[in-house]
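Chain letters run A, B, ... following the sequence lines, proteins first and then strands; every chain starts at 1. Values reported hereafter were calculated over all heavy atoms of this structure, with side chains retained and with hydrogens, waters and symmetry mates removed.
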Amino acid sequence: MGRSWASMVAFEAFLDDGGIVEVDDDMPDAYRQAVFAFIEMHANSELMGGLTERDWIPKTPGLRHKMAVLAKTQDEIGHGHLLYMVAADMGIKHRREMLEDLFAGRSRFHNVFHYRAKTWGDQVAISFLVDAAALATQQAVFKNCSYGPYRRILKRIITEEGFHMRMGEERMLLIAEGTEIQRALFQASLDDWWWPALQLFGPDSQPDDVLLRWHIKSERNEVLRARWVQKFAPLLISYGFTIPDPDLVHDPEAGTWTSGPIDWEPLRRTLAMGGPDSARRIADAAANWADTGWVREAMDHAPERAPGPAGAAV
Amino acid sequence: MTTVERVRTAIASVDDPEYPGISVVDLGLLETLDVTLDGHVVVGLIPTFSGCPALSMIANDVRAVVGSVDGVSSCDVRWLGAPAWTVDRVSDEARQAMAQEFTVAVRIGVEPVSCPRCGAPTTETSLFGPSRCRAVHSCPACSEVVEVMRSSSGGRA
């Protein structure tokens, strides 16, 4: 057993001093639960995101982009794998339980994976806008994260997500400089995905948000969201696209771009598994898990690999 | 410095897109470098894995830095089919940086892997990690989740 703290006050003072909590520390239960729930949702989102990418492997245009989608699928599933391990080590749920909860619609994943990617334009919008939003939230966690095992995994995840963002930028530029048909396709996707991407940051942080107090998040949701709008609104407008926000305000003097009022109802629906594509996505993930059971079975009974013991993953 | 030296230094400034701070030269990707008298450069690189999605990005980055070197008139970057990349090509500095900065270990052949955090031998959880060149291990001593860079043979006996 690692360190322990006499009281929550002492624990919070440790965190405020920049202390890093490790898995064998006797951390307060509330902290353990909050960190676990956060990592579990992140792991679920990586898995659901990876499955979406996988759907696009056969449909992605061009061999080079197809190769990138293949690799991105492996990245996302791999990130999920690492995160489920870190979450399981916290001793609250086994990995199998987390997966069962996900497939039964009992645990959360990011709002953007409750929508359907219908066209290649949607995939471009996702890799350009949504990946950037997800990366911004992860960077804000990594910056100051008090839970050591998660912080170390995040460092690797962030470098790979940064690489995805470069691919997203490349895809966006290609379509933005393409034909009128390509540009119209992307505009339609922008209309569909702008708001879900923006809502990924969540509503304004509450004053009593323990994730901020315990140094899991380092920035308030509204700050990250505003920064994202500030970056992407002018960029997309400069390429001649229209932001689907009639109340978007540009202050040329201050150089700021501010979004109009946000309707949070769509986000609430996704949190309740009632998004436009929630049911299909969850059923699809569950079916995928069932269909690949034979692979796990085979790995479980594979002969030991030299040189080390090789516990097969479940 | 000769043009070849300047070109080599320029290539060494290109980081792997998945490991910021670690150069493609330290990862052992640079295989051949030819500079003609009139400043035409041909760079021969080998991929860690043939399906690596970063290939075009790396080639573009190399072309860009080499193109701006004094005395270079043009630059051609080629991905070579042989020799095959193995982890033996990763420099000691890059190995240390990966362990310290990214908690990534490098597996040489079938040698046991040491946890970058506590030094204990790790166990393999999955041969398949987030990228073609990495497996996932965990450390029985400190519970760290460790990614392990491996050759395409997978570090199998």
Any side-chain donor near an acceptor of the partner, A:H42 and A:Y150, under 3.5 Å
yes

Heavy atoms under 4.5 Å from chain B: which residues of residues 152-161 of chain A carry them?
A:R152, A:I153, A:K155, A:R156, A:T159, A:E160

Which atom of A:T73 lies closest to which atom of A:G50, heavy atoms considered
CG2-O, 3.5 Å

What are the two closest heavy atoms between B:T122 and B:S114, and how far apart are they?
CG2-C, 4.1 Å

In Å and rounded to the nearest 0.5 Å, what is the CH2 to NZ distance from A:W56 to A:K72?
12.0 Å

State whether B:D26 and B:R89 are salt-bridged, where the test is any N-O pair (Lys NZ or Arg NE/NH1/NH2 against Asp/Glu carboxylate O) under 4.0 Å.
no

Polar contact flag, side-chain donor to acceptor under 3.5 angstrom, A:R95-A:H81
yes

Below 4.5 Å from any heavy atom of chain B, which atoms of A:D89 appear? Answer side chain, backbone, both or neither.
side chain

Measuring heavy-atom distances to chain B, does A:V86 have an atom under 4.5 Å in its side chain, in its backbone, in both, or in neither?
both

Just by distance, with hydrogens left out, do B:T2 and B:R6 show a side-chain donor and acceptor under 3.5 Å apart?
no

If contact means a heavy atom pair closer than 4.5 Å, which residues of residues 59-78 of chain B contact chain A?
B:D61

What residues, two or more places apart in sequence or in another chain, satisfy side-chain contact (heavy atoms from CB on, under 4.5 Å) together with A:Q33?
A:I92

Could you pull out the closest heavy-atom pair between A:R151 and A:C145, with the gap in Å?
NH1-O, 2.8 Å

If contact means a heavy atom pair closer than 4.5 Å, which residues of residues 97-106 of chain B contact chain A?
B:E101, B:F102, B:T103, B:V104

Heavy-atom closest pair, residues B:L33 and B:V41:
CD1-CG1, 3.8 Å

Under 3.5 Å side-chain donor-acceptor pair for A:S107 and A:N44:
yes

Got more than 12 heavy atoms from elsewhere within 6.0 Å of NE2, B:H40?
yes

Do B:W85 and B:P47 have side chains that get closer than 4.5 Å, going by heavy atoms?
no

Counting only non-hydrogen atoms closer than 4.5 Å, does B:V136 touch chain A with its backbone (N, CA, C, O), its side chain (CB onward), both, or neither?
side chain

As an exercise: rank A:M67, A:E170, A:R166 by heavy-atom pairs under 4.5 Å with chain B and give me the winner.
A:R166

For a 4.5 angstrom cut-off between non-hydrogen side-chain atoms, does B:R134 reach B:E18?
yes

Just so I know, are the side chains of A:W5 and A:D26 near enough to count as touching, which here means a heavy-atom distance under 4.5 Å?
no

Is it the side chain or the backbone of A:E76 that comes within 4.5 Å of chain B heavy atoms, both, or neither?
neither

Which answer fits A:R64, side chain, backbone, both or neither, if we ask what part of it has an atom under 4.5 Å from a heavy atom of chain B?
side chain

Does a donor on one side chain and an acceptor on the other come within less than 3.5 Å for B:H137 and B:E147?
no

